[in-house]
Every structure is written in C-alpha cells, then in structure tokens.
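Step one of this worksheet: look at the structure below.
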Number of protein chains: 2
Amino acid sequence: MPHPLSAGPILSGLTKNQALVLDTIVMAHKPIGAYEILGKLKPRGIKSPVQIYRAVNSLIQCGIVHKVESINAFVRCTHGHPHHGQTTILAICDGCGAVVEHHDDTVDRRLEAWARQEAFEVETVAIELKMRCARCSGLASLATTKTQV
Amino acid sequence: MPHPLSAGPILSGLTKNQALVLDTIVMAHKPIGAYEILGKLKPRGIKSPVQIYRAVNSLIQCGIVHKVESINAFVRCTHGHPHHGQTTILAICDGCGAVVEHHDDTVDRRLEAWARQEAFEVETVAIELKMRCARCSGLASLATTKTQV
DNA sequence: ATTGGGTACGTTATGTTATTACGTTGGTCA
DNA sequence: TGACCAACGTAATAACATAACGTACCCAAT
Ligand SMILES: [Zn+2]
Ligand SMILES: [Zn+2]
Ligand SMILES: [Zn+2]
Ligand SMILES: [Zn+2]
C-alpha cells in the first residue's frame with residue numbers, strides 16, 4: 001500500500017522523517033538544499049543524505065514540496081489546494097531567495113498544444129524564472145543612485 | 001576584448017577547447033553531461049572538469065548551447081538564428097534523450113505580464129518538459145499490448 | 001620595445017549534490 | 001505464521017561543479 005498521505009493532502013499522515021524535513025523546508029522561508037536540511041536535522045538524529053532525499057522525494061510526490069531545478073533546492077508549495085495538473089511556475093529572487101509561485105492556464109494550454117503537434121506525451125513541466133524582487137532591485141538602485149532620501 | 005565569437009554567430013571563432021566541446025555535444029545527438037564530455041575528450045588531451053565547464057559556459061554565453069537544468073546536461077541549440085530575447089522551451093524524452101526546442105511568444109508575454117504585476121525583474125527563464133516522444137511511447141505500448149501487428 | 005590588461009589555458013585540490021547497495025524494522029493481511 | 005511491502009539506517013561511492021593558483025598569448029597604449 002502506498003503511504004497514507006498519498007491518498008490525500010492530509011499532512012498528519014507524514015512519517016517522522018518526512019515531517020522533520022518538511023518542517024525544515026517550511027522554516028527556511030526560501031529554497032533550501034538537501035545538505036542544508038541535513039545540517040539542521042543532524043541534532044534531531046538524521047545522519048545521512050539519503051534520508052533527506054527519500055523524504056523530499058515523498059513530499060514532492062505528494063505535491064507539497066517543489067524542487068527548484070535551477071538551484072537544486074526545495075521549497076514548500078504555497079498553492080492552497082493540490083495542483084490539478086496545473087503546471088507550477090516559480091520565480092526565485094537571486095538576491096534574497098524569495099519565491100513566488102504561480103499558475104497560468106494559457107501557458108499550460110500553449111504547451112499542451114505544442115505537445116500534441118509534436119506528438120509527445122508530457123510527463124512533467126518545470127517553469128522557473130530567476131529574478132530580482134522589488135525589494136532587492138530597489139536596494140540595488142538605492143546603492144547606485146546614492147541619495148534617494 | 002570579448003572573444004571574437006561573441007560579436008556574432010561565427011562558429012569559426014571558437015577556441016580549440018570550445019570547438020572540441022561543441023563537437024562532442026553535437027555528436028551526442030542528445031543532452032550530454034560535463035563528465036561524459038570529459039570522458040570523450042580525454043584521448044584528445046583534455047584532462048580536467050574545469051576545462052569542460054569553461055568551454056560550455058562560453059558556448060552558453062554565445063547562445064549556441066543550452067543547459068538542461070533538470071538533468072544537468074548540455075545540448076546544441078537547434079534554433080536557426082540567435083534567440084532574440086525569446087525564452088527557450090526544451091522537451092526532453094526520458095526514453096531516448098531526444099530534445100525538441102521551441103519558442104512561444106504568447107508564453108513569453110504571459111510571463112512578462114506576471115512579472116510586471118508582481119513587480120520583479122526577470123533575469124532568466126527556463127522552461128523544460130520531460131516527455132515520452134512518439135517513438136518511445138509507441139514502443140512502450142507495443143511492449144504491453146504484445147500483439148499489435 | 002616595454003608594459004599592462006584581458007582572455008584563455010593547465011593543474012591541483014576541494015566542495016556540493018545525488019545515488020547504489022544491502023540489511024533491518026514494523027506494520028498488513030492471506 | 002509467514003509473505004509482503006514501505007520506510008528506515010548505514011556505508012560507500014558516483015556525479016556535478018568551483019576555487020585558487022600560476023602561465024601563455026594577444027593587443028594596444030606608452
Ligand atoms: Zn505548488
Ligand atoms: Zn529579493
Ligand atoms: Zn536555442
Ligand atoms: Zn524517445
């Protein structure tokens with residue numbers, strides 16, 4: 001039988017390791033790498049990378065965590081309910097690590113149309129933007145313009 | 001002065017290492033990782049990973065090679081002319097590694113609109129799909145249906 | 001012709017990310 | 001009971017990427 005959680009979005013069904021890892025990801029408030037998670041969980045008894053990878057993979061399967069491929073890190077899904085086949089779009093600020101999650105049906109339809117045309121079956125889609133958030137680009141311009149009062 | 005190549009898409013301006021690496025990527029006919037490139041080029045005198053990474057980074061700068069973030073590999077750009085700020089969309093077949101490259105102005109506009117709305121500055125965009133190509137999904141169904149004659 | 005800056009190069013070492021392999025534990029159910 | 005299965009623990013290793021150093025070469029300004 002698959003893990004109870006996979007039957008629904010019930011967080012209480014997580015195993016101990018999964019709960020520890022999810023908690024660490026949530027606490028980070030920005031994408032966090034597997035080895036950084038490991039560092040934070042060593043005091044709590046987690047000893048090896050494979051324990052982290054097993055847990056994040058489960059959480060990703062459940063749809064409550066996303067992997068940010070472009071930086072090899074993991075982030076809590078901020079979408080209220082599970083994605084119904086909607087593609088996740090993530091924007092990550094280089095400056096502060098802030099992440100914004102988004103969905104766009106038009107984009108999804110365009111990609112689906114392309115897939116039909118090319119006759120391939122889509123398995124997963126990753127859309128990731130690297131950006132400067134308003135706050136970080138604001139800080140940068142303050143630093144250059146010097147006096148903005 | 002930047003390398004002559006960066007002034008235009010003139011392949012003849014590549015350095016020796018860049019040409020070797022590009023050649024290896026082209027010969028692969030699918031995404032190829034840095035260490036696999038290294039393996040193939042050892043007989044030709046390349047000895048270390050950094051030589052590969054330096055070359056692929058130059059080629060990526062020039063826009064003639066793309067990095068496939070989701071599998072840490074590199075692939076030749078199949079777009080005729082250089083991308084004019086257009087986002088590259090890559091679909092990679094799990095089965096055989098085939099890559100299809102695409103662009104979609106509508107998708108680009110939707111992402112730009114979102115960025116404006118959220119007030120962040122886009123730096124780079126990566127759109128990657130994992131898929132089964134027609135051939136590979138065909139083979140899979142043959143294997144399961146047994147007799148398709 | 002010298003000098004200085006910029007670009008690529010070579011070499012070594014190291015850091016970071018991810019998986020393989022194998023044995024154990026603890027539930028579920030015929 | 002015992003077959004099964006998912007999760008777990010542990011150790012080793014594979015795969016990916018960069019840091020830090022000095023050298024070689026081209027070119028333009030002095
Ligand atoms: Zn999400
Ligand atoms: Zn920011
Ligand atoms: Zn391209
Ligand atoms: Zn295929």
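Within every chain, numbering begins at 1; the chains are lettered A, B, ... in the order of the sequence lines, protein sequences first and strands thereafter.
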Side-chain N or O of [X] versus OP1/OP2 of [N]: is the shortest distance under 4.0 Å?
| X | N | result |
| --- | --- | --- |
| B:Gln51 | C:dC9 | no |
| B:Thr15 | C:dC9 | yes |
| B:Lys47 | C:dG10 | no |

d([atom1], [X]; [atom2], [N]) in whole Å:
| X | N | atom1 | atom2 | result |
| --- | --- | --- | --- | --- |
| A:Leu38 | C:dT16 | CG | C1' | 12 Å |
| A:Lys42 | D:dT10 | NZ | P | 12 Å |
| A:Ile46 | D:dA11 | CD1 | C1' | 16 Å |
| B:Ile52 | C:dA8 | CD1 | P | 16 Å |

Would you say the side chains of A:Glu101 and A:His83 form a donor-acceptor pair under 3.5 Å?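 A pair is found: one side chain offers a donor N or O, the other an acceptor, under 3.5 Å apart.
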
### Heavy atoms from other residues, nucleotides or ligands near CD of B:Gln61 exceed 12 (cutoff 6.0 Å)
no

*Which residues share a side-chain contact (heavy atoms from CB on, under 4.5 Å) with B:Thr106, sequence neighbours left out*: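 Only A:Thr106, A:Arg110, B:Asp104, B:Arg109, B:Arg110 meet the side-chain contact (heavy atoms from CB on, under 4.5 Å) criterion with B:Thr106.
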
Each nucleotide of nucleotides 15-26 of chain D classed B (base within 4.0 Å of a protein heavy atom), S (only sugar-phosphate) or -, in 5' to 3' order, makes -BBBB-------

Inter- and intrachain pairs under salt bridge (Lys or Arg N to Asp or Glu O under 4.0 Å), touching residues 36-47 of chain A, at least two apart: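 Listed once each, the pairs are A:Asp23-A:Arg44.
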
Can you confirm whether or not the ring centre of A:His79 sits under 6.0 Å from the ring centre of A:His102?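 Judged by ring-centre distance (under 6.0 Å), A:His79 and A:His102 do not meet the cut-off.
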
Do B:Ile92 and B:Phe74 share a hydrophobic cluster, counting only Ile, Leu, Val, Met, Phe, Trp and Tyr and linking them when any side-chain heavy atoms are less than 4.5 Å apart? no

